[in-house]
Amino acid sequence: MDQPKSPLNQPPSPTSDNPQITPSNPSKIPIRPQKIRKLSSSPSTNPPIEPINPQSTIAEADASKTIVVSPTTTTTAKNRRRNPSRSTQDLLKVIKPLSASGEISAALEHLRSVDPLLANLIDTHPPPTFDSNQPPFLALTKSILYQQLAYKAGTSIYTRFVNLCGGQDGVLPETVLSLTSQQLKQIGVSGRKASYLYDLANKYSNGILSDDLVVKMDDRSLFTMLTMVKGIGSWSVHMFMIFSLHRPDVLPVSDLGVRKGVQVLYMLDELPRPSQMEQLCAKWRPYRSVGAWYMWRLVEAKGAPATGAAAAALVSNGINGQQLGQSEQQQQQQQLQLQLLEPINSIGNLGACIWG
């Protein structure tokens with residue numbers, strides 16, 4: 001007698017042969033297009049993956065590294081990219097010139113609070129003043145003309161150069177480019193310095209630099225752009241930023257006078273190296289320019305021969321150190337040689353005279 005077969009003993013039939021299985025066992029295929037459509041529509045609702053202008057991103061990221069003293073986070077960087085106007089406002093807030101009302105008082109209060117040794121020095125000297133207002137192009141040409149010269153000789157050549165241009169208002173990029181090397185030679189400008197003047201004027205003429213860009217650029221970008229000009233090195237840029245632009249947080253680590261002042265202030269056995277200068281003077285931020293100014297005052301008060309260091313630095317740092325391949329020891333020797341040529345009564349006054 002045949003027994004009924006158990007469903008387990010029955011061979012399975014393909015689902016294609018059983019049309020009733022389809023409604024009872026829904027397939028996932030209809031759902032997949034919905035997921036795909038959902039993913040494909042996400043870019044329109046997800047702002048972070050929208051394309052960003054590469055040029056503005058690079059400029060703003062570079063500015064954020066220099067402007068903000070504390071390390072910036074990724075979130076902050078993204079917010080700066082999304083809101084360039086806010087980044088510009090932050091730049092204007094942080095880079096406030098020392099000539100602005102109340103800035104010197106704020107600087108002195110800060111330096112007194114962070115460095116007791118410097119506080120004693122501040123109490124024995126009058127506060128610094130930064131009131132020069134020369135256009136950047138004029139100040140930069142002046143710094144080039146003073147290179148490798150004693151102060152009186154540089155003043156004489158600079159005066160003749162200004163007269164050749166028709167006055168200080170006539171010292172413009174197009175005017176400099178219109179002058180021949182022979183004309184410059186006749187007033188005492190060497191062929192090398194003439195090439196430096198032409199390179200600076202060409203960068204202005206081509207739009208790489210301009211007075212407006214120089215004034216608005218952050219410290220890091222400005223240093224990079226100006227040292228690209230032939231004949232302008234780190235010391236010249238630092239002095240230009242302090243005495244012409246009145247930037248508050250510039251530490252001229254290659255200036256012999258500032259280094260000598262730091263050595264005396266902290267009673268060091270030898271002149272501090274640039275890396276040591278950065279560490280020792282970090283507490284002065286964001287007013288290292290004012291701290292450097294008091295280092296010059298300290299050296300003068302001690303009667304040290306470093307009062308010629310600022311003029312000497314025109315020799316060693318007026319030309320890009322990478323171009324000359326000079327060592328730190330060679331630069332110091334040149335500084336000392338110029339000190340023997342003509343001592344200057346005041347380092348700060350020299351900077352103010354050249355850039356102010």
Side-chain angles (χ1 to χ4, degrees), residues 65-71 98 107-108 110-122 124-125 128 219-220 222-224 226-227 233-243 247-322 324-339 347-348 350-351:
K65 293 176 185 176
T66 305
I67 296 165
V68 182
V69 177
S70 59
L98 291 170
L108 299 184
H110 171 77
L111 294 174
R112 283 193 180 99
S113 65
V114 299
D115 194 337
L117 294 176
L118 190 55
N120 295 331
L121 184 61
I122 292 173
T124 58
H125 291 82
D219 291 354
R220 182 186 179 92
L222 182 60
F223 184 90
T224 301
L226 290 184
T227 51
S234 61
W235 187 88
S236 295
V237 176
H238 286 153
M239 296 297 103
F240 169 73
M241 291 168 69
I242 294 175
F243 291 106
R247 294 291 173 92
D249 194 34
V250 180
L251 181 66
V253 295
S254 59
D255 183 89
L256 185 56
V258 177
R259 294 173 63 200
K260 182 65 177 177
V262 171
Q263 180 188 7
V264 174
L265 183 68
Y266 296 116
M267 294 177 288
L268 305 177
D269 294 333
E270 57 185 14
L271 286 173
R273 298 184 301 274
S275 58
Q276 291 176 299
M277 294 277 291
E278 292 283 357
Q279 294 176 358
L280 290 170
C281 303
K283 65 176 75 72
W284 298 350
R285 288 179 178 271
Y287 294 108
R288 293 183 297 173
S289 300
V290 179
W293 189 90
Y294 278 102
M295 293 303 96
W296 286 316
R297 304 284 79 76
L298 176 60
V299 172
E300 291 169 5
K302 294 293 182 180
T307 50
L314 288 170
V315 177
S316 62
N317 295 314
I319 301 174
N320 193 317
Q322 293 180 351
L324 296 180
Q326 292 178 327
S327 65
E328 184 179 355
Q329 289 76 13
Q330 288 174 322
Q331 292 179 359
Q332 291 182 20
Q333 289 175 1
Q334 288 182 334
Q335 291 177 359
L336 293 174
Q337 289 173 0
L338 189 55
Q339 289 173 23
I347 299 176
L350 174 72

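Using a 4.5 Å heavy-atom cutoff, the side chains of Tyr287 and Asp249 are not in contact.
Judged by distance alone, with hydrogens and angles left aside, the side-chain atoms of Ser289 form no donor-acceptor pair with the main-chain N or O of Ile242 at under 3.5 Å. Looking at His238, its side chain never comes within 3.5 Å of a backbone N or O of Phe223 through a donor-acceptor pair.
To the nearest 0.5 Å, the span separating CZ on Arg247 from CG on Leu222 amounts to 5.5 Å. Put simply, CE on Met241 and OG on Ser236 are 12.5 Å apart, with the number rounded to the nearest 0.5 Å. Between Leu117 atom CG and Leu121 atom CG the span is 9.5 Å, to the nearest 0.5 Å.
Tested against Val290, the residues Leu118, Leu108, Ile122 include a single side chain to side chain contact (heavy atoms under 4.5 Å, CB included) partner, Leu108.
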Show me the side-chain donor-acceptor pairs of residues 265-272 shorter than 3.5 Å, one per line, residues at least two apart or across chains.
from: Tyr266; atom 1: OH; to: Asp115; atom 2: OD2; distance (Å): 2.5

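Here Val264 pairs with Lys260, Leu298, Lys302 under the side-chain contact (heavy atoms from CB on, under 4.5 Å) rule; sequence neighbours left out.
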After noting the C-alpha distance and the side-chain angles of Asp255 and Met295, does the key distance pass the side-chain contact (heavy atoms from CB on, under 4.5 Å) rule? CA-CA 10 Å; Asp255 183 89; Met295 293 303 96; over 6 Å; no
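Nearest heavy-atom pair across Cys281 and Leu251 is CB-CD2, 3.8 Å. Closest heavy-atom contact between Glu278 and Val253: OE2-CG1, 3.8 Å. Closest approach of Ala301 and His125 over heavy atoms only: CB-NE2, 4.2 Å.
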